[in-house]
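Below is one structure, written out as structure tokens; the observations come after it.
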Amino acid sequence: MNGYRGRPHTLPPESGTRFLRRILPEHERAEMMGDLEERYQAKVFEHNKAAARVWYWIHIVRLLAFLAKEHFYWSFIMLRSNLTAAWRHLKRNPAYTGLNVLGLAVGLAVFIVIMLFVRTELSYDRYHANAPNIHRIIQQQPGNTFLGSNLFAVTAAPLGPAMVRGFPEVLSSVRIDDSSEVLIGVGEANFIIKTLLWVDPQIFDVFSFPLVRGDKTSVLNDPYSILLSEREARRLFGGADPVGRTIVYRARNGASEFKVTGVFRDLPSNSHFTMDVCAPFETMAKIQNRNLAQWNNHSYYTYVLLKDGADPRGLEAKLPALIDQYGADRSRVQGEQPTRFLLQPLTQIHLSSRVNFELSPTGDSRFVLLFASIAVLVLIIACVNYMNLATARSLKRAKEVGLRKVVGAAKGQLVRQFLGDAMLQTFIALLLAVGLVLAVLPFFGAFVERDIAFNPFRDIALMPGLALLAAVVGAVAGSYPAFFVSAFRPITALKGTGASKSKGRGFRNGLIVFQFAASIALIICTITVQSQIRFIRNMDMGYERDQIVILPPRGGIRASIETVKTELKRNPSVLGVAVSSSLPDNVDSSTSAEWPGKPEAVDITIYKMDADYEFLDIFGLKLAQGRNFSRDFPADAQGAFLINESAAKAIGWDDPVGREFGLGENSRAAGRIVGVIKDFHLHSLHLPIMPLYIALNPNNFRSISVKIRGDDLPATLAFLQKTWERFAPEYPFQYSFFDEVFDRAYRVERRLGTVFSAFAGLAVLIACLGLIGLASFTAEQKTKEIGIRKVLGASSTGIMALFSKEFIKWVVLANLIAWPVGYYAMRTWLKNFAYRIDLTVPMFLGSALAVLAIAAAVIGLQTFRAASANPADSLRSE
Amino acid sequence: MILLSRAEETVLLAILGLGENAYGVSILEYIQEKTGIEWSLAQTYDPLKKLVKKGFVVKIKGEPTPERGGRAKTLYELTKSGRAALLEIRLVQDSLWSAVPKILVAP
């Protein structure tokens, strides 16, 4: 082949050629590559091959720079022009822009707030370096369903160490036991510590709890060492150095001295348990006289650290053999499968509810899912709103589009322009939304009881997320208007308003139907949840809950309870005092029913509590048969029981009064049943009424219930406090009202009610924004039609009715979609309650009417002006 | 008056001078020969593109040659308005130069 000036042809570097072929635009490829190759020949001729290669590469780069500059230059010019057009359009229609941006901003703000909440919920316990390898051992006890679940978070003390010894893949184990509200002394002063955890020293190796003071390998080596969180260290010692100081732990059966050996950083709020103070696990056993070698005392939390890549399921399968090896009894309930031990991943603890005896209240994955769905729904409604308004408005921009097309704009350019329009508005909305989020987040955080952090400038990970969110929302919201508008035919578009008036109407109406369907469904949910909450509040639980003050038996109060009772009853405002191991709204202890002569095969789970003579009277519990515990019957003090009707029915006794019940020493009965109480709701209404017995035992109690007269509350409370201070001077006065305690059980439901109300309100608000825009736009478009109708004798109201009819039609259609959705969702939710309301037609009609009324009002207001205009004005211009 | 950058004017003149064989490399070499300055190819393409956009030159597909790796040349040719533009520039320049005192003219 002949090359440059008769010399053989030298091929330029292959990689360069291949690269150029890939990046050069096709219509310029031959020219540029050819020129470059030809020049390359000259360079080889003038210098040598190596220099030519360098030259070749340098020129590829220069070519690229040139192409890039050219490309971006024109894109930039177009972008600037589009942004200018968009900006002018926005400025010219402030009301329309306001509606649009506001709708988007509200939607975005709701979405961001909820996603921050979801992020917080998902972040629980993930901060531990070992998080993926930490598991908690939980038990499943088939047949032993307690408060609706047969999973238990507690295990026996020897299990953890046995697993470390028995399985090489278990690197370490940590046992935890908790003592809440403990009294400690520092010098002369006394403090209540909310949560004291007794932990194995390895806790600082397994979990990532950084120590501010002390060395993690040795801080808990001394049996009487104690560690404080930074917050507690400040509270107890002020600014002074706590390390080396003495803390006196006051238990019921004596005091022990501990030495502070370290300070740990406060646990992040996204931890599934709290820890204010910790001390060695084994010391707890010593102080409280517990035997840590027992396999049948399931009262401790066991966490294990596994080797990387260990198989938790495989380990689970090996656990029964290990436990049998120690001779522990795994069977719990006769005729049921033996207990199963499960490894629960640390990071799943927070969101997997329904495990009994958690260290702290956990979250609820269903709640998180519900929140997330609502967030997405509200965002979609906001997008739909934008689409609707933008498409309707685009008819106004028909002339601009027509002109752009005439001067040569390609369809793609127009699509990009209108997408850019949407993006611009979305980004303005995003700024507004961030402001809204910052304003609302503290309240929302308090509402869901979480610390939700939001700092868009410091939280780097959030910035691209927000930008992406705005881009996606802009793209989704802008897509339909963009394609709709760019499809305008220039001739009809330029002619003016006649352009494609009916086009896209079907789609727009579909969007309205969707928006209102979503709003109505949310309103149905709101009404149902609120009704159920009202139902719970007003339901006769079988016990009284007003004017009862609950006191915890602290300090000396427990020991001298009889004196305390007498002292309290001296005040005429105190109507009565009772002590019990549980309160009637939540009996949290159960066992198997026993009585002499019970057949082997019968196994009845029965809830139990201890109470004194006054308990029934204080809470107004009614008797169905027999009598209450009484001092007139000295035999009662030897052992007496009350059972509820459900228990009588479960056992099959028609005449329980006088029967022997319970098992004491030597298989003798523990006492006699003296009465049958009418069934009352001993748990929240989620659960059906279960069998229950109340044993007469005035010495085992966890709360003191004081029935008071309601007239002079402050004086009565002051009297209670004075009495408290006489018997437990070292403890701060603590009290609660029973009706508040009761309400707390339905906190989740009330929260749900508020969530639905708020979001239903927002959804309706956004939908109305859309309706305002559409109605005013239609009215504007039909000015002339209205004028002509009026000239021909139509009344203002007649015209308003005419306009409203069109929109109302779609709202009615929306109901047909929303009703089945709402019905299905709420029926599912109501199944959580053993006692629930029925879904009734008025609830559905009510939501329909509410939305219809709002929609009619909005449309009416918007069309009123158009309808009442003087036809002479609207028809004059032509 | 028609506004042309110096580079565009130079390239336009080169195309005119090269006649029927004006393409990337030949334009570049022609300029190097006349002015002693070696332009990069990108520097040549930039004014060429602008001239095409302004309608002063048109692209014509040429013959492939072996030293180009068998790729076709893209030839450039002046349009009527291109010639008119050059002529106008020449006239303006001449009239401007004629007013300059003789002293400034090269000895």
Side-chain angles (χ1 to χ4, degrees), chain A residues 1-14 16-21 23-47 51-52 54-74 77 408, chain B residues 3 5-8 10-12 14-15 18 20-78:
Chain A
M1 195 199 279
N2 282 329
Y4 187 76
R5 293 181 190 166
R7 289 168 59 103
H9 187 77
T10 328
L11 280 174
E14 168 84 20
T17 323
R18 213 171 330 128
F19 176 66
L20 281 174
R21 200 174 297 134
I23 61 138
L24 285 180
E26 208 205 322
H27 62 278
E28 282 168 337
R29 200 179 295 153
E31 176 186 7
M32 291 183 173
M33 286 183 69
D35 285 351
L36 213 55
E37 193 159 333
E38 192 179 332
R39 279 300 278 168
Y40 179 75
Q41 307 303 320
K43 291 292 157 186
V44 175
F45 173 72
E46 282 166 30
H47 310 283
V54 175
W55 176 93
Y56 191 74
W57 276 110
I58 290 175
H59 278 73
I60 287 179
V61 173
R62 293 180 77 161
L63 205 56
L64 279 184
F66 161 68
L67 287 170
K69 191 187 94 189
E70 205 179 39
H71 181 79
F72 287 118
Y73 179 72
W74 289 110
I77 296 278
Chain B
L3 279 175
S5 75
R6 206 60 213 254
E8 286 164 22
T10 313
V11 169
L12 215 49
I15 295 169
L18 281 163
E20 288 194 350
N21 190 32
Y23 67 100
V25 175
S26 67
I27 293 167
L28 188 152
E29 283 173 347
Y30 184 88
I31 292 168
Q32 189 177 5
E33 188 190 327
K34 299 285 179 206
T35 64
I37 298 163
E38 188 185 347
W39 289 15
S40 80
L41 276 169
Q43 274 171 303
T44 328
Y45 292 144
D46 187 31
L48 271 172
K49 278 204 163 172
K50 283 176 185 153
L51 287 170
V52 171
K53 213 160 231 156
K54 287 175 183 170
F56 293 153
V57 294
V58 286
K59 288 186 187 186
I60 299 160
K61 202 173 167 188
E63 292 301 310
T65 62
E67 66 263 26
R68 295 174 62 82
R71 292 183 192 85
K73 285 176 184 170
T74 300
L75 297 170
Y76 291 86
E77 194 175 87
L78 253 67

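Residue numbering restarts at 1 for every chain, and letters A, B, ... go by the order of the sequence lines.
Across all their heavy atoms, B:W39 and B:P47 have their closest contact at CZ3-CG, 4.3 Å.
Chain A forms more heavy-atom pairs under 4.5 Å with one residue of B:T44, B:T65, B:L41 than with any other, namely B:L41. Contact count against chain A (heavy-atom pairs under 4.5 Å) is highest for B:K49 among B:K49, B:Q43, B:K73, B:K59.
Contact of A:L64 with chain B is not made at all, since no heavy-atom distance falls under 4.5 Å. For B:K61, no part lies under 4.5 angstrom from a heavy atom of chain A. Contacts of B:R68 with chain A are made by both backbone and side-chain atoms, with heavy-atom separations under 4.5 Å.
Between B:K54 and B:E8 there is a salt bridge, with a side-chain nitrogen of the basic residue lying less than 4.0 Å from a carboxylate oxygen of the acidic one. The existence of a salt bridge linking A:D35 and A:R39 is excluded, since no basic side-chain nitrogen approaches an acidic carboxylate oxygen closer than 4.0 Å.
None of B:V58, B:I60, B:V52 except one satisfies the side chain to side chain contact (heavy atoms under 4.5 Å, CB included) rule with B:Y76; the exception is B:V52.
A heavy-atom distance below 4.5 Å is found between the side chains of B:V11 and B:I31.
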